[in-house]
Amino acid sequence: MFDTVIAHGTIVTSAATFPADVGVTDGVIAVLGRGLAGRRTIDAAGRYVIPGGVDMHVHLQMPAGDGIVSSDTFYTGTRAAALGGTTTIVDFVEPLPGETLLAALGARRAEADPQVVIDYGLHMTIGPAEIPKLGQVAAAFAAGCGTFKLYTAYDFRLFDGQVMQAFEAIRDAGGLPVIHAENWDVITTLVGRNLAQGRTTPHWHPRSRPALMEGEAVGRVIDVATLVGTPLHIFHVSCAEAAARIRSARQRGLPISGETCPQYLFLDQDAYDAPGVEGCLPVCSPPLRTPVDQQALWQALAAGDLQVVTTDHCPFTRADKARGLDDFSRIPGGVPSIEMRLSAVFQGVRRGLFSLNRWVALCCTAPARLAGLPAKGDIAIGGDADLVIFDPERRLTLSTASLHEQVDWTPYAGVELQGWPEVVLSRGEVIAAKGVCTAAPGRGRFLSRKPQFPI
Ligand code: MN
Ligand code: MN
């Protein structure tokens with residue numbers, strides 16, 4: 001007699017699709033079989049049973065300067081994630097100047113721990129102020145930060161020699177660097193030129209951040225990683241040029257991986273031409289690109305050139321976005337996607353681009369392995385019973401009314417998706433069912449991570 005049995009469903013993992021019941025005891029997957037008996041039985045007839053989603057790139061309650069903070073808290077953001085079938089997230093630690101990495105980790109955990117409804121991990125950010133702190137990387141790794149976030153843009157921007165030094169320290173600790181790669185020198189030059197010429201609307205945002213130079217920056221950091229001898233994961237690939245650099249590296253056998261996000265798969269740069277604040281809302285970086293890039297990214301997911309879909313969820317309110325109405329470079333960057341990711345990528349299955357198993361690999365299994373979460377992202381005996389009963393027939397039109405993110409707009413308003421989570425379990429507990437999240441704040445656990453490579 002199991003605690004819970006999920007009966008009559010079709011199991012989908014990254015490797016196989018088969019009919020079976022799932023027996024869950026003590027929060028762990030105890031057995032896969034037929035005709036199992038449990039104290040509670042959840043009927044999954046006509047449904048897929050998949051591993052809980054793993055979103056290894058989100059920004060909840062993230063300070064963005066000028067008193068602006070991304071609008072989802074660790075409670076509202078993880079609640080929306082759960083309702084969309086994601087049962088693990090990885091957010092970020094951003095150390096303050098003069099703060100040790102461990103103190104910064106402790107401070108971020110103090111914000112997250114009382115609020116999270118799902119399990120979570122934290123990437124440690126290595127900015128220019130952290131270069132003198134690289135001797136602390138091993139301690140951060142030992143404290144559970146298996147992954148380290150680097151930037152070649154913004155105030156976090158590292159120069160190439162600093163990237164090299166950071167890669168060396170992360171390599172020596174056994175960690176995995178993850179990186180935002182754009183060419184900041186070209187971007188700041190183009191932004192300055194465009195603003196000086198009165199080109200202040202968000203139309204000029206993508207035109208100040210050329211896809212060609214995202215490809216250049218991705219290729220450059222791959223080369224530095226190769227020089228150092230470290231694996232590397234490329235964040236939020238937005239364009240064909242960047243995907244091509246990752247494909248080329250993998251063809252040479254290098255331990256490089258890449259991700260894209262729903263905004264790059266569903267939206268394009270024409271969104272910036274909407275009048276007024278509407279054109280400001282979808283500003284994110286890298287920017288939305290062309291429909292040709294969008295198709296190239298779907299193809300890259302299908303071909304295995306990109307291994308992961310994350311969201312880079314980072315919502316800001318309409319009022320915060322409006323601060324950049326007269327200057328596109330002042331618009332806080334980021335869009336909300338945390339709730340719709342599983343269904344969004346499922347559309348690739350519906351369109352015949354890739355298999356159910358590839359969908360699970362992209363959203364669950366590959367990010368779990370890459371982020372260092374061996375108990376997550378799969379349906380395997382002994383693994384955490386993080387499970388999604390997914391109704392492939394359910395249709396949902398996305399809107400601020402149908403989504404649960406704490407933000408007063410969505411870039412996907414009117415987008416109709418088919419396929420949506422019906423019941424979501426985390427460590428055997430039903431945390432969301434039929435659009436209602438019943439999980440208590442703080443039930444989620446901080447996960448200490450050691451990445452697995454290559455994927
Ligand atoms: Mn980024
Ligand atoms: Mn990000």
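One-based numbering along the sequence shown. Indexing begins at 1, ligand by ligand and atom by atom, following the structure's order.
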Quick one about Thr365 and Asp378 (side-chain donor to acceptor, distance below 3.5 Å, no hydrogens or angles considered), yes or no? no
I'd like to know if the side chain of Thr226 pairs up with that of Asp223 as donor and acceptor (distance under 3.5 Å, no hydrogens or angles considered). no
Arg199 to Trp204 six-membered ring, cation-pi geometry met (6.0 Å, 45°): yes
Salt bridge (charged side-chain N to carboxylate O under 4.0 Å, His left out) for Glu216 and Arg220? Distances and angles first, verdict last. CA-CA 6 Å; Glu216 181 276 333; Arg220 179 159 36 97; 2.8 Å; yes
Atoms of the protein (N/O/S only) found under 2.8 Å from the Mn ion (ligand 2): His57 NE2, His59 NE2, Asp312 OD1
Do the numbers put Arg351 on top of the ring of Phe266, so that NZ or CZ is under 6.0 Å from the six-membered ring centre and no more than 45° off the axis? yes
Cation-pi check for Phe159 against Arg157: NZ or CZ below 6.0 Å from the six-membered ring centre and within 45 degrees of the axis, yes or no? yes
